[in-house]
2 protein chains.
Amino acid sequence: MAAEPSDRLGFLLSFRGELTGARIRTALGVAGLHPRNAMTLMQLAPGAMSQRDLAAVLEVDPSQLVAILNELEGSGLAERRRDPADRRRHIVEITEAGEAALERVDSAVSEAERELFANLTSEEQDVLRRLLDRVVVERGDHDCSE
Amino acid sequence: MAAEPSDRLGFLLSFRGELTGARIRTALGVAGLHPRNAMTLMQLAPGAMSQRDLAAVLEVDPSQLVAILNELEGSGLAERRRDPADRRRHIVEITEAGEAALERVDSAVSEAERELFANLTSEEQDVLRRLLDRVVVERGDHDCSE
DNA sequence: TATTGTTATACTCTATAACTATA
DNA sequence: TATAGTTATAGAGTATAACAATA
């Protein structure tokens, strides 16, 4: 369902955003990472955090994060260790291999952005950024129903 | 996975687009239509067309369109009839009830856009539209892999 | 009793192949 | 043999509830 059915700005933003996301996911795949795993690594880059906090910032259910971390740990890109202060908690940390993977991700996403915004000057890209920042996107329960 | 993990323009466009799409899907739901059914009705508004052509413009597999049309026909918003010139074909047409539903959709989407772009003047909305139109979004096989 | 992480289950979406009826 | 529509099936993604270990 990717047809743009009208000239509405809302549809335009939604569909261009979707295609942009698809292009970026392709770039992440080229870098060897499943999109959700790449997003998780990005959140871990600044520093280690608990599994629960990680689920919160990623806005995924803790049960989904289990599978993500199993994959990241399986490929040696992140590690879980018990928090000695509270043995229920896992501290999650990116590994050196994970940092290297993130550098590949960074290059691939930069290349994708060069393609996506090739027709825009850097000034126009700044304008686009500022306008997008002012679109009202209240977080909350926004899902569909029939 | 809705966290915005960096200040990259690509991510910004992707995430704002996703949230905009969610807001619009909510509006369609308020108007009483599943998003894909609403999109299908919109394509039918200008005039009847064959089921195959409809699948093509919607960019969905013909087998998926079967369920959509079953629902639309079940709620009396669209109708299938055999093409007398080629009895394999179905001509799909929107009904009067379907047109009325589209008017509700139109109002709901307009209200959603008023909210989304409340912080932008109409000149700024024009600028945003023109910039989005120049983002390179080559259609093709852009999916993820691990 | 509450919290952290885990497992199990189910439900939606989507992709694919096989089937029918017509050409 | 090819085409239009349909059905059936399987896979990915996601949401929810129940569970074990620890506080």
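In what follows, every chain begins at residue 1, and chains take the letters A, B, ... in the order their sequences are listed. Note that the coordinates shown come from a computational prediction; the quantities given were computed from them, not determined experimentally.
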- With sequence neighbours excluded, tell me which residues meet salt bridge (charged side-chain N to carboxylate O under 4.0 Å, His left out) with A:R130. none
Nucleotide [N], atom [atom2] - distance to [atom1] of [X] in whole Å:
{"X": "A:E59", "N": "D:dT14", "atom1": "CD", "atom2": "P", "value": "13 Å"}
{"X": "B:L69", "N": "D:dA4", "atom1": "CG", "atom2": "P", "value": "15 Å"}
{"X": "A:R52", "N": "C:dA2", "atom1": "CZ", "atom2": "C1'", "value": "11 Å"}

- For B:R81, what residues pass the side-chain hydrogen bond (donor to acceptor under 3.5 Å, both in side chains) criterion, not counting sequence neighbours? B:E93
So, OP1 or OP2 of [N]: does either fall under 4.0 Å of a side-chain N or O from [X]?
{"X": "B:H90", "N": "C:dT22", "answer": "no"}
{"X": "A:Q64", "N": "C:dT6", "answer": "no"}
{"X": "B:R81", "N": "D:dG5", "answer": "no"}
{"X": "A:H34", "N": "D:dG13", "answer": "yes"}

- Item | Nucleotide nearest A:R89 when distance is taken to its side chain, options C:dG5, C:dT16, C:dA8 | C:dG5
- Message: Using the side-chain heavy atoms of A:V66, tell me which of these nucleotides is nearest: C:dG5, D:dT16, D:dG5.
- Response: C:dG5
- Query: For B:S50, does its backbone N or O pair with a side-chain atom of B:R89 as donor and acceptor, under 3.5 Å?
  - Reply: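 Not a single qualifying donor-acceptor pair exists.
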If you restrict it to nitrogen or oxygen atoms, what contacts under 3.5 Å exist between nucleotides 18-23 of chain D and the protein, and what is each distance?
from   : atom 1 : to    : atom 2 : distance (Å)
D:dA23 : OP1    : A:R87 : N      : 2.9

- Task: Return the minimal non-hydrogen interatomic distance between A:L69 and A:T40, and the atom names on each side.
- Result: CD2-CG2, 4.3 Å
